[in-house]
Enquirer: 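Quick one: the structure is below, questions incoming.
Here the structure is a predicted model, which means the values were calculated and not measured. Letters A, B, ... are given to chains in the order of the sequence lines, protein chains preceding strands, and every chain is numbered from 1.
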2 protein chains.
Amino acid sequence: MTPTTPLEASGARTATAQVHEAIKQRILDGAYRPLEFVREAAVARELEVSRTPVREALRELVSEGWLEAIPHQGARVAEWTEKDAREVFELRLVLEPMAVGLACRHIDADTLAHLDDLASRMEALTESPLDGAGHSELASLNHEFHRLLIQASDNQRLAQILESVVRTSIIRRNFASYDRSALKRSMQHHREMLIAIGAGNAAWAENVMRAHLLAARVLHVTVDTSTATSSPP
Amino acid sequence: MTPTTPLEASGARTATAQVHEAIKQRILDGAYRPLEFVREAAVARELEVSRTPVREALRELVSEGWLEAIPHQGARVAEWTEKDAREVFELRLVLEPMAVGLACRHIDADTLAHLDDLASRMEALTESPLDGAGHSELASLNHEFHRLLIQASDNQRLAQILESVVRTSIIRRNFASYDRSALKRSMQHHREMLIAIGAGNAAWAENVMRAHLLAARVLHVTVDTSTATSSPP
DNA sequence: ATCTCTTACATTGCATACAATCGTAAGAGT
DNA sequence: ACTCTTACGATTGTATGCAATGTAAGAGAT
């Protein structure tokens, strides 16, 4: 029915990995709505593979939190509630500062230079007014900045947890709602974090990260600011 | 060859779930050694199912961190290194205090009473010298105590992350190496945490948890105490 | 009219057969 | 003796057919 990219040029080699990517993309695109069931047979038909790789891809997506499985009934797109947003934010507010704190002790000059470059490119983008593509580019650079910082923590588990936690929420987040001053402040946070890390000052870097995240939250959801957790004075 | 419980009375209903449990148990028992490959065909033969549910169980175990997958080569038991121990401890040291802090705001009387009961039973156990069974019982109660506390945080993601992070490390941890004073201190920490939670004092509860974890670590691994992270004064 | 039981259908769960891929060891050539 | 090639065997990856299970619609009874 829907001619929606039947597997074609996907970097992945196994059919399971391709189906995995395809379904994830459809969720991100909104082609599959929350609470909608993703049927094995239907996906298999549309992507022109058998049900086996579809089954395996669905199980992976379930364990990654994209879908929820109901025994003998199938897998459906996980719903995104206010509570989910709160949970993810609580976790980021603790884990990302932890990551930059650890990064202070492990980071190498190359990574720091790469981060510096990313920060510069983001700053350059914010010099002029942004269109849709600009917002998209900025979001992409920002995501890469955070990802690289997290990798520098030298804690694989932490990196994996944050990746999966952030990824599921990144869909609904962009810079469209940022006004000029909020954007500049965000860029300054990045810059300040790099300086703190370069100075090996973990506490400084951690607190800038907390400020960075809290400032961003104000723009996205209504917050009870008294519920902040584990924040040192 | 090895008559190792061919599926029989396992609470789970689907074959996949049963295989999942069986393999996990064998890893815990040490029947599968680190870096040893778990072959689909072999497991299928021994548990008297087809390869299909075995494949699905293996994939789940991979995503839970018990096994690591190598494309076209199979899944093998994940190795446990010093670095793994360090990573898990760093995470616990941040996430478990976060959990008790959150629990301070959400906990109900029933849960608190249940925790109180668990603490009492552990204290009773430590009154008399412990044999092997005693240590096992104590470890079980302790695990349940922490698990319940984490659930009370009312953050499903946090609970799931901690469960999977702690579970993989719990294998090599028990109370055999605890001397009398260390045991009593551990029990006092539990008690103090409950009092802090009952008083709604999150900072107090969080810091007792950090002390609890740090005290436990001294008994298990050699530590560079300067690497503690995100610890408020 | 409402409730319960029956029955048919859609969908997942499992088994088996076949194809693709990788590691390895034997063998030819240098 | 060493290296490169190549064919084989073992193992995973994929397809398809059948069984088990849950859902929902409809007939019958209260």
Side-chain angles (χ1 to χ4, degrees), chain A residues 1-2 5-24 26-27 32-64 66-78, chain B residues 1-2 5-24 26-27 32-64 66-78:
Chain A
M1 216 85 329
T2 27
T5 322
L7 280 206
E8 58 186 42
S10 196
R13 296 168 314 293
T14 69
T16 299
Q18 290 175 323
V19 173
H20 182 112
E21 283 302 313
I23 296 178
K24 190 195 294 180
R26 291 191 185 187
I27 297 172
Y32 290 131
R33 316 282 304 185
L35 296 187
E36 178 182 348
F37 277 87
V38 181
R39 298 298 178 191
E40 297 176 1
V43 174
R45 249 197 327 274
E46 292 167 16
L47 298 183
E48 295 175 350
V49 293
S50 78
R51 274 178 51 216
T52 306
V54 176
R55 281 179 66 79
E56 298 188 347
L58 289 180
R59 275 185 182 269
E60 289 175 358
L61 289 164
V62 166
S63 70
E64 289 173 21
W66 294 96
L67 304 173
E68 56 181 342
I70 301 176
H72 293 102
Q73 194 171 349
R76 64 182 182 188
V77 179
Chain B
M1 218 76 340
T2 27
T5 323
L7 281 205
E8 58 186 42
S10 199
R13 296 168 314 291
T14 69
T16 299
Q18 290 175 324
V19 173
H20 183 112
E21 283 302 313
I23 296 178
K24 191 196 296 181
R26 291 191 184 187
I27 296 172
Y32 290 132
R33 315 283 306 186
L35 295 186
E36 178 181 348
F37 277 88
V38 181
R39 298 298 178 191
E40 296 176 0
V43 174
R45 250 199 325 275
E46 293 167 16
L47 297 183
E48 295 175 352
V49 293
S50 79
R51 274 179 52 215
T52 306
V54 176
R55 281 181 65 80
E56 298 186 347
L58 289 180
R59 274 184 184 269
E60 289 175 357
L61 290 164
V62 166
S63 71
E64 289 173 20
W66 295 95
L67 304 173
E68 55 182 342
I70 301 176
H72 293 103
Q73 194 171 348
R76 65 182 181 188
V77 179

Enquirer: Could you state the atom-to-atom distance from CZ of R55(A) to P of dT16(D) in whole Å?
Expert: 16 Å
Enquirer: In terms of the nearest nucleotide of DNA chain D, which residue is placed more toward the 5' end: V38(B) or H72(A)?
Expert: V38(B)
Enquirer: Between atom CZ in R51(B) and atom C1' in dA10(D), what is the gap in whole Å?
Expert: 11 Å
Enquirer: Write down the distance between CG (L58(B)) and P (dC14(C)), rounded to a whole number of angstrom.
Expert: 14 Å
Enquirer: Show your reasoning for whether side chain to side chain contact (heavy atoms under 4.5 Å, CB included) applies to V77(A) and R33(A).
Expert: CA-CA 7 Å; V77(A) 179; R33(A) 316 282 304 185; over 6 Å; no
Enquirer: In whole Å, I'd like the distance from the CD atom of E40(B) to the P atom of dG13(D).
Expert: 6 Å
Enquirer: Would you say the side chain of T16(A) lies within less than 4.5 Å of the side chain of E21(A), judging by non-hydrogen atoms?
Expert: no
Enquirer: Rounded to whole Å, please give me the gap between CD in Q73(A) and C1' in dT12(C).
Expert: 10 Å
Enquirer: Would you say T14(A) reaches dT12(D)'s phosphate, i.e. side-chain N/O to OP1/OP2 under 4.0 Å?
Expert: no
Enquirer: Heavy atoms only, 4.0 Å cut-off, all strands: where does R39(A) land among base, sugar-phosphate and nothing?
Expert: sugar-phosphate
Enquirer: Is R26(B) paired with E46(B) through a side-chain N to carboxylate O contact shorter than 4.0 Å?
Expert: yes
Enquirer: For dC14(C), take OP1 and OP2 only and decide whether either is under 4.0 Å from a side-chain N or O of T52(B).
Expert: no
Enquirer: In this structure, how many angstroms lie between the C1' atom of dC22(C) and the CD1 atom of I70(B), rounded?
Expert: 12 Å
Enquirer: In Å and rounded to the nearest 0.5 Å, what is the CD1 to CG distance from I27(A) to L67(A)?
Expert: 4.5 Å
Enquirer: F37(B) has an atom CZ; how far is it from atom P of dT11(D), in whole Å?
Expert: 11 Å
Enquirer: Under 4.0 Å: is that the gap between some side-chain N or O of T16(A) and OP1 or OP2 of dG13(D)?
Expert: no
Enquirer: If you look at every heavy atom in A75(A) and V62(A), which pair is closest and at what distance?
Expert: CB-CG2, 4.3 Å
Enquirer: Hey, does the side chain of S50(B) come within less than 4.0 Å of dA15(C)'s phosphate (OP1/OP2), counting only N and O?
Expert: yes
Enquirer: CZ of R45(A) versus C1' of dT11(C): gap in Å, rounded?
Expert: 12 Å
